[in-house]
Amino acid sequence: MLQALFIEENKEKVIEGLKKRYFLEIEGMLSIIKKILYLLDDKRRIQLKRDAFFFSFNKISRQINKLIQIGKNEKAIALYDKYNNLKKDLIYRKTILSSVSKELLKNLLSIPNIPHEYIKKGYSSKYNEIIYNHGKINLSTIKKLSHWEFSKKMELINCELGAKISGSGFTIYKGKVARLHRAMIEYFIEYNLQGGYIEYAVPFLVRPVAIIATGQIPDKEKQMYYLEKDNLYLISTGEIPLMNCYREIILKESQLPIKITAYTPCFRREAGSYGANVRGLNRLHQFDKVEIIQITTPDFSYYALQEMVQHVKNILISLNLPFRLLRLCGGDMGFTSAITYDFEIYSYTQNQWLEVSSISNCTNFQSNRLKLRYKKTNRGKTQICHSLNGSSIAVQRILAVLLENSQTSKSIEIPETLIPYTGFKEILFSSYQI
RNA sequence: GGAGAGUUGCCGGAGUGGUUAACGGGAUAGUUUGCUAAACUAUUUACGGGUAGCCGUAACGUGGGUUCGGUUCCCACACUCUCCGCCA
């Protein structure tokens with residue numbers, strides 16, 4: 001959530017930023033900005049009057065008390081008879097202030113974060129900038145199977161069985177692929193621990209208040225699974241429980257930066273998705289991800305962002321996968337983000353890039369919703385923290401591309417770095433009846 | 001699922017229809033001291049006004065109600081804990 005005061009002081013900057021997202025094109029969003037400024041002004045005037053009114057009212061109440069204590073009851077009665085009729089005014093001022101405040105908050109919650117100055121205008125992924133390429137894409141002469149063709153022959157990934165149990169978009173992994181899946185999670189977490197992140201294990205079901213705080217409501221509500229009976233949402237990312245560990249907290253500056261990692265499954269409804277993009281493991285209703293987050297001071301957050309990008313880059317290099325780094329354009333970024341970098345890896349067999357990590361600096365936008373603040377040691381003033389989140393990494397996307405790109409005529413070769421975690425070097429086709 | 005107890009500031013924790021929410025702890029600032037410690041004083045959340053010293057208002061789970069005045073009384077809701085039952 002942006003601060004109303006910030007919008008007031010940086011109106012042009014805010015509008016410019018929202019244009020980069022093509023946000024103002026959505027049904028009269030410009031009028032929301034105007035409304036916020038009007039409401040803020042209104043709120044100030046109302047509060048000023050109310051405070052003055054309450055001041056005199058409180059004074060009278062105290063006078064009445066004094067009169068009663070010294071036994072001058074008649075005078076007291078005269079006073080409260082006189083001021084009894086002001087009560088309506090009191091209630092009126094109280095309710096009007098709270099309704100204006102609520103209205104202001106409601107409007108503020110609907111405005112996304114302002115993009116960083118680097119961010120280019122654009123309404124879709126077409127306008128994302130490629131920052132960096134790594135690894136050669138060599139189209140081998142061996143005819144490789146896509147991971148879903150592979151899974152039909154090998155029985156090691158069974159989408160049909162997943163569908164039988166839970167519907168399409170759910171998958172069963174067996175044998176060495178199940179082990180590889182688990183090994184990746186362990187490797188990613190271990191890598192993050194080496195990078196100074198503390199491991200958390202967290203709940204996968206959360207309250208509405210938690211997803212409002214991290215910003216999935218109102219932006220991504222349709223994407224979330226909701227358990228009506230218990231009023232709980234299934235998490236769509238580990239960011240939700242991790243960031244909510246720090247909801248309504250005042251930290252000391254010396255505690256920052258906070259670096260956390262956690263493995264969680266992620267649940268997404270993906271309503272309306274169809275076609276080749278959703279085949280096999282490409283888009284699932286339940287997938288696995290190891291997440292990293294950082295909570296920092298405002299000065300430090302862009303440094304932390306670079307550090308996180310570098311960290312994920314090194315993981316991908318260690319897996320020997322061809323990848324590229326993108327900076328998302330305004331229209332493709334998430335609601336809470338000021339700047340987002342995506343890592344995509346290349347699948348030879350699918351002939352397409354697949355997103356495996358998305359790293360965002362949410363600046364103070366998310367922390368403001370979370371009421372996550374810190375206090376400088378040499379000054380009394382509390383300030384809003386900056387928060388960052390990133391995937392490190394999405395498990396199934398890596399799995400899919402590993403199965404495809406590492407195919408030889410006989411087997412799938414496990415990358416060196418994963419072998420200590422899998423306990424085997426290859427998955428032989430012969431043993432699984434290709 | 002059944003029964004009961006609770007929710008107070010940065011943290012712990014008392015409490016009452018009435019000045020300023022006791023007391024303790026932490027943190028920060030200032031004073032004193034050769035340093036540290038100790039001691040003393042002040043501050044501690046949100047919003048608004050003022051260049052500033054400062055001033056005002058709100059805040060005892062949330063929302064209503066009674067009252068000149070509610071942290072306290074009444075109503076509704078949310079959440080937390082304990083015990084019983086069930087259970088990995």
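Below, read A as the first sequence line, B as the second, and so on, with proteins coming before strands; counting in each chain starts at 1. Bear in mind that the values here come from a model prediction, so they are computed numbers and not experimental data.
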Passes salt bridge (charged side-chain N to carboxylate O under 4.0 Å, His left out), A:K259 versus A:E307? Steps please.
CA-CA 11 Å; A:K259 298 166 77 173; A:E307 185 193 286; 2.9 Å; yes
Quick one: do A:E404 and A:Q350 satisfy side-chain hydrogen bond (donor to acceptor under 3.5 Å, both in side chains)? Show the steps, please.
CA-CA 9 Å; A:E404 293 170 355; A:Q350 297 182 48; 3.0 Å; yes
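- Atoms CD1 and CD, on A:I250 and A:Q383 in that order, are 12.0 Å from each other to the nearest 0.5 Å.
- Comparing the C1' positions of B:C23 and B:G9 gives a spacing of 14 Å, expressed to the nearest Å.
- Using atom C1' as the reference point in both B:U31 and B:C79, the two lie 46 Å apart (nearest Å).
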Which protein N or O atoms sit under 3.5 Å from an N or O of nucleotides 15-22 of chain B?
from  : atom 1 : to    : atom 2 : distance (Å)
B:G18 : O2'    : A:N65 : OD1    : 3.3
B:G18 : O2'    : A:N65 : ND2    : 2.6
B:G18 : N2     : A:S61 : O      : 2.9

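- Look at B:A88: it lacks any Watson-Crick or wobble partner with both distances under 3.5 angstrom.
- Pairing for B:U67 is absent, with no Watson-Crick or G-U wobble pair whose two atom distances lie under 3.5 Å.
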Residue pair A:K174, A:E155: steps toward the salt bridge (charged side-chain N to carboxylate O under 4.0 Å, His left out) verdict:
CA-CA 8 Å; A:K174 298 183 191 173; A:E155 276 281 314; 3.2 Å; yes
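- Comparing B:C47 with B:A42, their P atoms are spaced 26 Å from each other, to the whole Å.
- Cation-pi check for A:K121 over A:Y22 is met; the charged atom lies under 6.0 angstrom from the ring centroid and within 45 degrees of its normal.
- Counting only heavy atoms from C-beta outward, the side chains of A:H311 and A:Y191 approach each other to under 4.5 Å.
- Atom CG in A:L97 sits roughly 13 Å away from atom P in B:G63 (whole-Å rounding).
- B:U16 and B:C73 have their P atoms separated by 9 Å, given to the nearest Å.
- Rounded to whole Å, the C1' atom of B:U51 lies 42 Å from the corresponding atom of B:G15.
- Taking a pair to require two hydrogen-bonding distances under 3.5 Å in either a Watson-Crick or a G-U wobble arrangement, B:C40 pairs with B:G30.
- Between A:F57 and A:F53, the angle of the ring planes stays under 30°, which puts this pair in the parallel group of the 30/60° scheme.
- To the nearest angstrom, C1' of B:G1 lies 12 Å from NZ of A:K229.
- Counting non-hydrogen atoms under 4.0 angstrom, A:R207 reaches the backbone sugars and phosphates but no base.
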Working for ring-ring contact (aromatic ring centres under 6.0 Å, His included), residues A:Y303 and A:F300:
CA-CA 5 Å; A:Y303 174 82; A:F300 191 73; 5.0 Å; yes
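- Ring centroid separation for the pair A:F365 and A:F335 comes in under the 6.0 Å cut-off.
- Taking the six-membered ring for Trp and the full ring otherwise, the centers of A:H116 and A:Y302 sit less than 6.0 Å from each other.
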N/O contacts under 3.5 Å, protein versus nucleotides 64-67 of chain B?
from  : atom 1 : to    : atom 2 : distance (Å)
B:U67 : OP2    : A:K87 : NZ     : 3.4

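- A cation-pi arrangement is absent between A:K289 and A:Y263, since the terminal nitrogen or guanidinium carbon is not both under 6.0 Å from the aromatic centre and inside a 45° cone about the axis.
- A straight line from CD1 of A:I46 to P of B:A58 spans 16 Å, rounded to a whole angstrom.
- Across all strands shown, the partner of B:C77 is B:G61, judged by Watson-Crick or G-U wobble contacts whose two distances both fall under 3.5 Å.
- Of all nucleotides present, only B:A3 satisfies the Watson-Crick or G-U wobble test against B:U82, with each distance under 3.5 Å.
- Between A:F267 and A:Y225, the ring planes lie perpendicular to each other; the angle is over 60°, past the 30° to 60° tilted range.
- Distance noted for atom P between B:C54 and B:A5: 47 Å (whole Å).
- In this structure, CG of A:L372 is placed 15 Å from P of B:C10, rounded to the nearest angstrom.
- The distance from atom NZ of A:K94 to atom P of B:G69 is 9 Å, rounded to the nearest whole Å.
- A gap of 14 Å separates the P atoms of B:G61 and B:C11, to the nearest Å.
- Base pairing annotation: B:G56 forms a Watson-Crick or G-U wobble pair with B:C47, both donor-acceptor distances under 3.5 Å.
- Rounded to a whole Å, the CD1 atom of A:I249 is 14 Å from the C1' atom of B:G9.
- When Watson-Crick and G-U wobble pairs are counted only if both distances are under 3.5 Å, B:U20 pairs with no nucleotide at all.
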Test log, rule side-chain hydrogen bond (donor to acceptor under 3.5 Å, both in side chains), inputs A:T214 and A:Q216
CA-CA 6 Å; A:T214 41; A:Q216 278 73 23; 2.6 Å; yes
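- On the C1' atoms, B:A59 is 15 Å away from B:C10, given to the nearest whole Å.
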In B/S/- notation, 5' to 3', how is nucleotides 46-56 of chain B contacted by protein heavy atoms closer than 4.0 Å?
SBSS------B
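- Between the P atom of B:U45 and the CD1 atom of A:I384 lies a distance of 14 Å, rounded to the nearest Å.
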